[in-house]
Amino acid sequence: MAGVARETRRSGAPEARLAARRSPICGAGKRPRMNDLEILTRNAVDVIESTDLKKRLDHAASKGRKLRVKFGMDPSSPDLHVGHAVQLLRLRAMQLAGHQIVLIVGDATAMVGDPSGRNKLRPQLTREEVEKNLVTYQEQAARVLDMSKTEVHRNSEWFDKMRFEDVLRLAGKATVARMLERDTFEKRMEAGEAIGVHEFLYPLMQGWDSVMIRSDVEIGGTDQLFNLLVGRELQEKEGQPPQICLTFPLINGLDGRKMSKSYGNSIGLTESAGEMFGKVMSLGDDVMGAWFRLLTDVPESEVTALLAGHPRTAKARLGEEIASFFHGRDAGRAASEAFDRQFRDRELPSDIPEVTREWPADGVPLAVLLRELGLAPSSSEARRTVEQGGVKLDGEVQRDPKFVVQRPAAPLLIQFGKRKYLRVR
RNA sequence: GGGGAGAUUCCAGAGCGGCCAAAUGGGCCAGACUGUAAAUCUGGUGGUUCUCACCUUCGGCGGUUCGAAUCCGCCUCUCCCCA
């Protein structure tokens with residue numbers, strides 16, 4: 001199904017730099033052709049409508065007309081994670097291929113709250129909260145996209161100008177029956193959960209965004225299909241060619257649930273290489289294949305071979321690929337090595353922070369010390385961990401939370417649980 | 001407008017006058033084991049200078065009682081059925 005067309009080459013300095021710096025994932029530095037269906041739709045679950053997409057891509061390639069590719073970000077939670085990366089990587093491929101990426105920051109829609117995948121009424125955000133998240137969002141998107149070539153809009157640009165009359169007109173473009181077809185609404189109805197009337201407006205707003213920016217393609221997670229399709233319908237009603245909808249798999253979080261910052265099971269795009277690597281290593285063996293295919297550029301034949309081999313080796317490779325994409329090869333490798341030293345070889349990490357504190361003459365009980373150093377959130381928590389043998393002082397397990405620690409002559413090494421290390425003096 | 005059900009600790013969900021800081025499962029934390037921060041098994045999981053005791057918590061505010069998450073009143077929010 002790979003598109004057969006001659007390569008259209010052109011040189012663009014900033015693009016080249018970006019490609020060089022972060023080559024490993026999408027297209028390994030090779031810029032995809034504008035109509036390379038294979039690369040642009042890799043991993044896609046739904047492609048609506050694929051013949052139309054092919055046609056438009058070919059047209060774009062021959063006329064040199066960029067397609068406008070829309071991606072909406074909901075600034076209601078302030079962090080992007082690797083789950084978003086699945087889609088961002090496709091956008092990046094499109095961008096490298098020469099298409100125009102249009103990011104919509106859904107500041108107006110965020111005040112409604114996307115009902116997708118929710119079994120709960122979402123709290124509506126205030127303007128201030130949205131503003132704050134918006135800034136960090138763009139910084140994070142810049143980890144994957146060349147923002148200098150990316151168009152960014154807030155949808156408040158047009159929604160703020162609408163009067164109630166306009167809202168009614170928009171609302172009139174959909175029917176309740178149509179809205180209720182949506183699986184999340186259906187499930188919530190069945191489960192007897194709350195559905196706010198304003199939530200029906202969400203898909204319409206997102207769809208209206210497509211009309212306003214005249215998108216050719218919109219990308220989203222599989223849970224976005226309904227919203228994307230509404231965009232198509234609205235565009236048709238407004239006399240525009242309906243956008244192509246591409247959906248990509250949602251990636252599960254570290255614990256198998258949907259990846260979300262609020263579940264604490266995500267890997268954020270701005271996390272350190274060490275953090276990323278370690279979190280990947282905590283994945284269950286059975287999801288490695290999906291992660292390889294969705295988040296790395298490792299060829300299928302190699303993935304198959306890795307999965308057939310030792311899971312530990314495969315997972316380490318996965319972690320290294322992911323950490324390398326965001327932080328460079330060297331950092332990725334370093335993270336992998338540091339992990340091996342700490343967890344496989346059980347050596348101490350090389351970068352143990354050291355703190356200095358005040359010591360009363362008669363010392364400090366261990367549990368209190370741990371809390372004061374911030375290793376434990378409360379002294380009860382500290383006590384439990386100590387009693388369970390989770391705390392080592394200079395390498396020795398200390399099971400007595402009341403053990404009094406005196407001012408140490410040399411910095412005292414404290415190991416709290418598996419991951420927290422600290423030296424105090 | 002009428003009738004019914006419900007709001008519990010991070011989440012789901014028991015409890016229905018004292019034995020409740022509150023079952024169980026998930027998550028999380030620790031330990032054992034290991035190939036890893038996988039899997040599995042074990043323990044822990046409100047706070048307090050802590051095995052006792054005390055303090056805060058079961059939508060909100062009051063009340064009944066020696067004693068309430070549990071009973072009563074009002075309030076807020078949600079769901080269902082009927083109109």
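Naming convention: chains lettered A, B, ... in sequence-line order (proteins, then strands); numbering from 1 in each chain.
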P-based separation of B:C80 from B:G31 [nearest Å] | 47 Å

| message | In whole Å, measure the gap between the P atoms of B:C19 and B:C52 for me. | response | 15 Å

* To do: In whole angstrom, give me the gap between the C1' atoms of B:C58 and B:U70.
  => 10 Å

Should A:K420 be listed as having a side-chain N or O under 4.0 Å from OP1 or OP2 of B:C29? no

A:E275 CD to B:A37 C1', in whole Å, measures 11 Å

A:M288 CE to B:A38 P, in whole Å, measures 13 Å

Check: With respect to the phosphate group of B:G47, does any side-chain polar atom (N or O) of A:R384 fall under 4.0 Å of OP1 or OP2?
Finding: yes

When both distances are under 3.5 Å in a Watson-Crick or G-U wobble arrangement, the nucleotide paired with B:G67 is none

- Query: Looking across every strand, which nucleic acid part, if any, lies under 4.0 Å from A:G278 by heavy atom: base, sugar-phosphate, or nothing?
  - Reply: base

- Message: Please tell me whether A:S210 and A:Q235 have a donor and an acceptor in their side chains that are separated by less than 3.5 angstrom.
- Response: no

To the nearest angstrom, the CG-C1' distance between A:L318 and B:U36 comes to 13 Å

Are more than 12 heavy atoms from other residues, nucleotides or ligands located less than 6.0 Å from atom CZ of A:R214? no

- Message: Show, in sequence, the C-alpha distance, side-chain angles and deciding distance for A:Q224 and A:E218, and conclude whether the side chain to side chain donor-acceptor pair (under 3.5 Å) test is met.
- Response: CA-CA 10 Å; A:Q224 290 294 311; A:E218 178 163 6; over 6 Å; no

- Message: Would you say CG of A:D330 has more than 12 non-hydrogen atoms from neighbouring residues, nucleotides or ligands within 6.0 angstrom?
- Response: no

Re B:C19: Watson-Crick or G-U wobble partner, both distances kept under 3.5 Å, found to be none

Out of B:C29, B:U36, B:G47, minimum distance to the side chain of A:D285 belongs to B:U36

- Is any side-chain N or O of A:S380 closer than 4.0 Å to OP1 or OP2 of B:U48? yes

Separation of the C1' atoms in B:U8 and B:A21, to the nearest angstrom: 12 Å

From CG of A:L370 across to P of B:A30 the rounded distance in Å is 13 Å

Discussion item. I'd like the C1' distance from B:G60 over to B:C10, given in whole Å.
Written reply: 22 Å

**Asked** Counting only side-chain N and O atoms of A:T385, is one of them less than 4.0 Å from OP1 or OP2 of B:C29?
**Response** no

- Whole-Å C1' distance, B:C66 and B:C61: 24 Å

Between A:T150 and A:Q95: side-chain donor-acceptor atoms closer than 3.5 Å:
yes

The correct set of residues in residues 337-347 of chain A placing a heavy atom under 4.0 Å from RNA chain B is A:F339, A:F343, A:R344, A:R346

Scanning all shown strands, the Watson-Crick or wobble mate of B:U56 with both distances under 3.5 Å is none

Quick note, A:S379 side chain, CB onward, closest among B:G35, B:U48, B:G43 is B:U48

Describe, in one word, how the ring planes of A:Y137 and A:H84 are oriented to each other, choosing from parallel (under 30°), tilted (30 to 60°) and perpendicular (over 60°).
perpendicular

- Item | Between B:A69 and B:C16 - P atom distance, rounded Å | 14 Å

Between A:L283 and A:G390, whichever has its closest RNA chain B nucleotide further toward 5' is A:G390

_Set out, in order, the CA-CA distance, both residues' side-chain angles and the distance that settles side-chain contact (heavy atoms from CB on, under 4.5 Å) for A:Q138 and A:L103, then state yes or no._
CA-CA 9 Å; A:Q138 295 196 43; A:L103 287 185; over 6 Å; no

Under a 3.5 Å limit on both distances, the Watson-Crick or wobble mate of B:C77 is B:G6

Would you say that more than 12 heavy atoms from the other residues, nucleotides or ligands in this model lie under 6.0 Å from the NZ of A:K173, or not?
yes

The residue, A:P377 or A:R312, whose nearest nucleotide of RNA chain B is more 5′ is A:R312

> Across the strands shown, which category fits A:L254 at heavy-atom distances under 4.0 angstrom: base, sugar-phosphate, nothing?
Replying inline: nothing

Taking a pair to mean Watson-Crick or G-U wobble geometry with both distances below 3.5 Å, B:U51 pairs with none

To the nearest angstrom, the NZ-P distance between A:K418 and B:U34 comes to 14 Å

Rounded to whole Å, OH of A:Y421 lies from P of B:A37 at a distance of 10 Å

Using Watson-Crick geometry (N1-N3 plus N6-O4 or O6-N4) or G-U wobble (N1-O2, O6-N3), each under 3.5 Å, B:G1 is paired with B:C82

Atom CZ of A:F416 and atom C1' of B:G44 are separated, to the nearest Å, by 12 Å

From CZ of A:F277 across to C1' of B:A37 the rounded distance in Å is 11 Å

- Query: Using a distance-only test with no angle check, is there a side-chain donor-acceptor pair under 3.5 angstrom linking A:R154 and A:S156?
  - Reply: no

Considering only heavy side-chain atoms of A:K315, the closest of B:A38, B:U49, B:G44 is B:A38

> Using atom C1' of each nucleotide, how far apart are B:A68 and B:A22 to the nearest Å?
Replying inline: 13 Å

| Which part of the nucleic acid does A:P311 contact within heavy-atom distance under 4.0 Å: base, sugar-phosphate only, or nothing? | base

For the pair A:R90 (side chain) and A:I39 (backbone), establish whether a donor and an acceptor sit closer than 3.5 Å, ignoring hydrogens and angles.
yes

Please determine whether any donor N or O and acceptor N or O are separated by less than 3.5 Å between the side chain of A:Q388 and the base of B:G43. yes

Scanning all shown strands, the Watson-Crick or wobble mate of B:U42 with both distances under 3.5 Å is B:A30

